[in-house]
There are 2 protein chains.
Amino acid sequence: MSDARAPIKPNVAMMATSPLGQQSAGTNLLFLREDEIRSAQDLLFFAYRDFTAAADMILTELGLGRAHHRALHFIGRNPGIAVTDLLGLLRITKQSLARVLSQLVEDGYVAQTTGRADRRQRLLTLTDQGQALERRLFEQQRERLATAYREAGSGSVEGFRRVMRGIMDEQARAYIDGADDAARRRKG
Amino acid sequence: MSDARAPIKPNVAMMATSPLGQQSAGTNLLFLREDEIRSAQDLLFFAYRDFTAAADMILTELGLGRAHHRALHFIGRNPGIAVTDLLGLLRITKQSLARVLSQLVEDGYVAQTTGRADRRQRLLTLTDQGQALERRLFEQQRERLATAYREAGSGSVEGFRRVMRGIMDEQARAYIDGADDAARRRKG
DNA sequence: AAAGATGCGTCAACGATGCTGACGCAATTC
DNA sequence: GAATTGCGTCAGCATCGTTGACGCATCTTT
């Protein structure tokens with residue numbers, strides 16, 4: 001038998017993507033770089049999978065899904081955000097958001113108020129109940145991240161942030177940088 | 001009007017989750033830590049969203065989805081992997097995998113061979129066509145990661161890896177560590 | 001050799017979350 | 001006054017996850 005369900009190890013040594021049996025130093029270096037990238041693919045998949053797992057369980061019990069969490073998260077972080085701006089962050093269609101949002105409003109997690117400057121806008125905020133749920137979900141992920149930060153060491157966090165920032169597109173970077181600005185402003 | 005669709009900035013200064021108008025140094029520090037975690041939530045969402053976007057477009061043209069890519073990725077990295085082991089990596093039900101896998105086999109991307117030691121097993125490998133597709137998808141993500149690594153600086157990559165590793169669960173870490181072992185063995 | 005466990009596939013039904021396309025209405029802008 | 005924008009909604013569809021229940025071949029255990 002094949003050791004049953006012990007965690008298997010990726011057989012990167014097999015180098016299935018290259019027909020070369022022998023490798024020069026050059027191709028070997030190239031290969032190492034390629035494997036480093038493939039390893040990063042693994043990292044992103046597993047980290048994201050396990051990062052969301054705990055919160056998903058709570059959501060399921062409430063009849064909600066991950067999409068609801070995303071909306072709660074960004075509304076909580078941007079109180080009074082307009083629907084179109086939220087759509088820009090999530091990058092989904094308004095029809096998809098509508099389904100999620102109307103359920104959050106109906107269940108009393110999100111409140112809509114008419115915009116003062118532009119009365120067409122529906123500005124979104126979390127209700128007390130919405131804040132409570134967001135916090136509950138947040139605590140799950142906080143735990144995981146706090147542990148990861150602790151184990152990785154404080155020196156690693158900056159590198160983590162820099163690489164993650166580099167992966168996302170320009171618009172997302174601007175958003176992230178804006179958050180950093182706000183934090184700096186508050187601190188200083 | 002509200003500046004239309006310029007990237008909005010998260011209003012973290014509003015501190016909607018705390019009723020405190022004034023903050024002591026202690027609560028402010030606590031808040032900063034909390035905001036650091038919330039910021040990491042942003043990072044994971046945006047990075048994952050944009051990391052997968054390019055490959056998704058190719059997949060859509062071929063009538064495939066992200067789930068197919070995940071299967072191709074892990075089969076490519078683990079040639080001859082058994083179905084149950086693949087299920088353990090993806091953490092989905094065998095019914096979900098079956099749908100994806102049977103399509104990949106039918107379209108000629110994946111080959112199944114009966115296990116030698118255990119004839120119940122269907123060992124999975126990429127066909128030449130499967131390798132070609134996986135490589136095409138890989139190149140999309142390689143580009144993004146290479147840019148991110150370059151911009152972040154080589155010193156950041158180790159921190160990135162350490163934090164990402166810390167986020168995932170024990171089993172995933174063992175898998176990741178196994179990949180590292182294999183790379184080290186090949187290099188040394 | 002019989003009994004049980006395991007690996008894998010499959011039928012059926014359902015739920016969450018994305019998509020396109022088309023309209024309607026109110027409010028703002030030109 | 002006409003065009004545009006912000007938002008909601010109806011209708012239909014695809015992907016990909018779920019549970020539950022079987023069936024069959026093959027290994028393992030008794």
Side-chain angles (χ1 to χ4, degrees), chain A residues 1-6 8 45 48-49 52-53 55-72 80-88 90-107 110 112-124, chain B residues 1-6 8 45 48-49 52-53 55-57 59-72 80-88 90-106 110 112-124:
Chain A
M1 73 171 193
S2 75
D3 194 41
R5 290 319 125 216
I8 57 170
F45 171 69
Y48 197 79
R49 183 196 68 177
T52 53
D56 282 350
M57 291 186 59
I58 295 178
L59 290 160
T60 300
E61 288 175 5
L62 297 173
L64 303 174
R66 198 179 293 178
H68 299 89
H69 187 191
R70 286 198 280 259
L72 287 174
I81 189 176
V83 172
T84 308
D85 290 326
L86 183 54
L87 284 173
L90 297 172
R91 297 262 179 95
I92 57 176
T93 60
K94 71 176 168 178
Q95 294 91 328
S96 293
L97 179 59
R99 189 168 31 205
V100 165
L101 209 48
S102 59
Q103 190 179 348
L104 288 174
V105 169
E106 189 168 337
D107 293 358
V110 168
Q112 295 172 310
T113 61
T114 301
R116 297 171 61 82
D118 186 338
R119 291 173 45 81
R120 291 172 303 181
Q121 294 180 325
R122 300 293 145 79
L123 306 184
L124 305 170
Chain B
M1 72 173 195
S2 76
D3 194 42
R5 289 321 124 215
I8 56 168
F45 171 69
Y48 197 79
R49 183 196 66 178
T52 53
D56 283 348
M57 291 186 58
L59 290 160
T60 299
E61 287 175 6
L62 298 173
L64 304 174
R66 198 179 293 177
H68 299 89
H69 186 191
R70 286 199 280 258
L72 287 174
I81 189 175
V83 172
T84 309
D85 290 328
L86 183 53
L87 284 174
L90 297 172
R91 298 262 179 94
I92 56 176
T93 60
K94 72 176 166 178
Q95 294 91 328
S96 293
L97 179 60
R99 189 168 33 204
V100 164
L101 209 49
S102 59
Q103 190 179 348
L104 288 174
V105 170
E106 191 167 335
V110 168
Q112 296 172 310
T113 61
T114 300
R116 298 170 60 81
D118 186 338
R119 291 173 44 80
R120 292 172 301 180
Q121 295 180 323
R122 300 291 145 81
L123 306 184
L124 306 170

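Quick note on labels: first sequence line is chain A, next is B, and so on, each numbered from 1.
- Between D:dG8 and A:Q112, a contact under 4.0 Å exists linking OP1 or OP2 to a side-chain N or O.
- Residues passing the side-chain contact (heavy atoms from CB on, under 4.5 Å) test with B:T93, sequence neighbours excluded: B:Q95, B:S96.
- To the nearest angstrom, P of D:dT18 lies 11 Å from CZ of A:R66.
- With D:dG6, C:dC8, C:dT17 as the candidates, the nucleotide lying closest to the side chain of A:A67 is C:dT17.
- You'll find the side chain of A:V100 stays beyond 4.5 Å of the side chain of A:L64, heavy atoms only.
- When distances run from any side-chain atom of A:T84 to the nucleotides C:dG18, D:dC7, D:dG17, the shortest one goes to D:dC7.
- With sequence neighbours excluded, the residues satisfying salt bridge (charged side-chain N to carboxylate O under 4.0 Å, His left out) with B:R66 are B:D56.
- Atom CG of A:L104 is separated from atom P of D:dG8 by 13 Å (rounded to the nearest Å).
- Atom CD of A:E61 and atom C1' of C:dG15 are 17 Å apart (whole Å).
- When all heavy atoms of B:G63 and B:Q103 are compared, the pair lying nearest together is O-NE2, 3.1 Å.
- Between the CG atom of A:L97 and the P atom of D:dT9 there is a distance of 12 Å, given to the nearest Å.
- Residue A:R70 places at least one side-chain N or O under 4.0 Å from the OP1 or OP2 atom of C:dG18.
- For the atom pair CD of B:Q112 and CD of B:Q121, the computed distance is 12.5 Å after rounding to the nearest 0.5 Å.
- Residues B:G65 and A:V83 each lie close to DNA chain D; by heavy-atom proximity, the contact nearer the 5' end of the strand is made by A:V83.
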Original post:
Can you check side-chain contact (heavy atoms from CB on, under 4.5 Å) on B:L101 and B:L124, steps first, answer last?
Top reply: CA-CA 10 Å; B:L101 209 49; B:L124 306 170; 3.8 Å; yes

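- Counting any heavy atom pair closer than 4.0 Å across all strands shown, A:Q103 reaches no nucleic acid atom.
- Distance, B:H69 NE2 to D:dT15 C1': 16 Å, rounded to whole Å.
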**OP:** Would you give a per-nucleotide map of nucleotides 19-27 of chain C, 5' to 3', where B means the base has a protein non-hydrogen atom under 4.0 Å away, S means only the sugar-phosphate does, and - means neither?
**Re:** BBBB---BB

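- Spacing between atom CG of B:L86 and atom P of C:dG9 amounts to 11 Å, rounded to whole angstrom units.
- Residues satisfying the salt bridge (charged side-chain N to carboxylate O under 4.0 Å, His left out) test with A:R70, not counting sequence neighbours, are none.
- In this structure, CG of A:L62 is placed 16 Å from C1' of C:dG15, rounded to the nearest angstrom.
- Between A:H68 and C:dA16, a side-chain N or O to OP1/OP2 separation shorter than 4.0 Å is absent.
- Just one of A:L87, A:V83, A:T84, A:L86 meets the side chain to side chain contact (heavy atoms under 4.5 Å, CB included) condition when paired with A:K94; it is A:L87.
- As rounded to whole Å, 12 Å separates atom P of C:dT17 from atom CG of A:L72.
- Note on the helix from C:dA1-D:dT30 to C:dC30-D:dG1: terminal axis deviation equals 30°, with five pairs used at each end and the result rounded to 10°.
- B:R91 meets the salt bridge (charged side-chain N to carboxylate O under 4.0 Å, His left out) test with A:D50, B:D169; sequence neighbours excluded.
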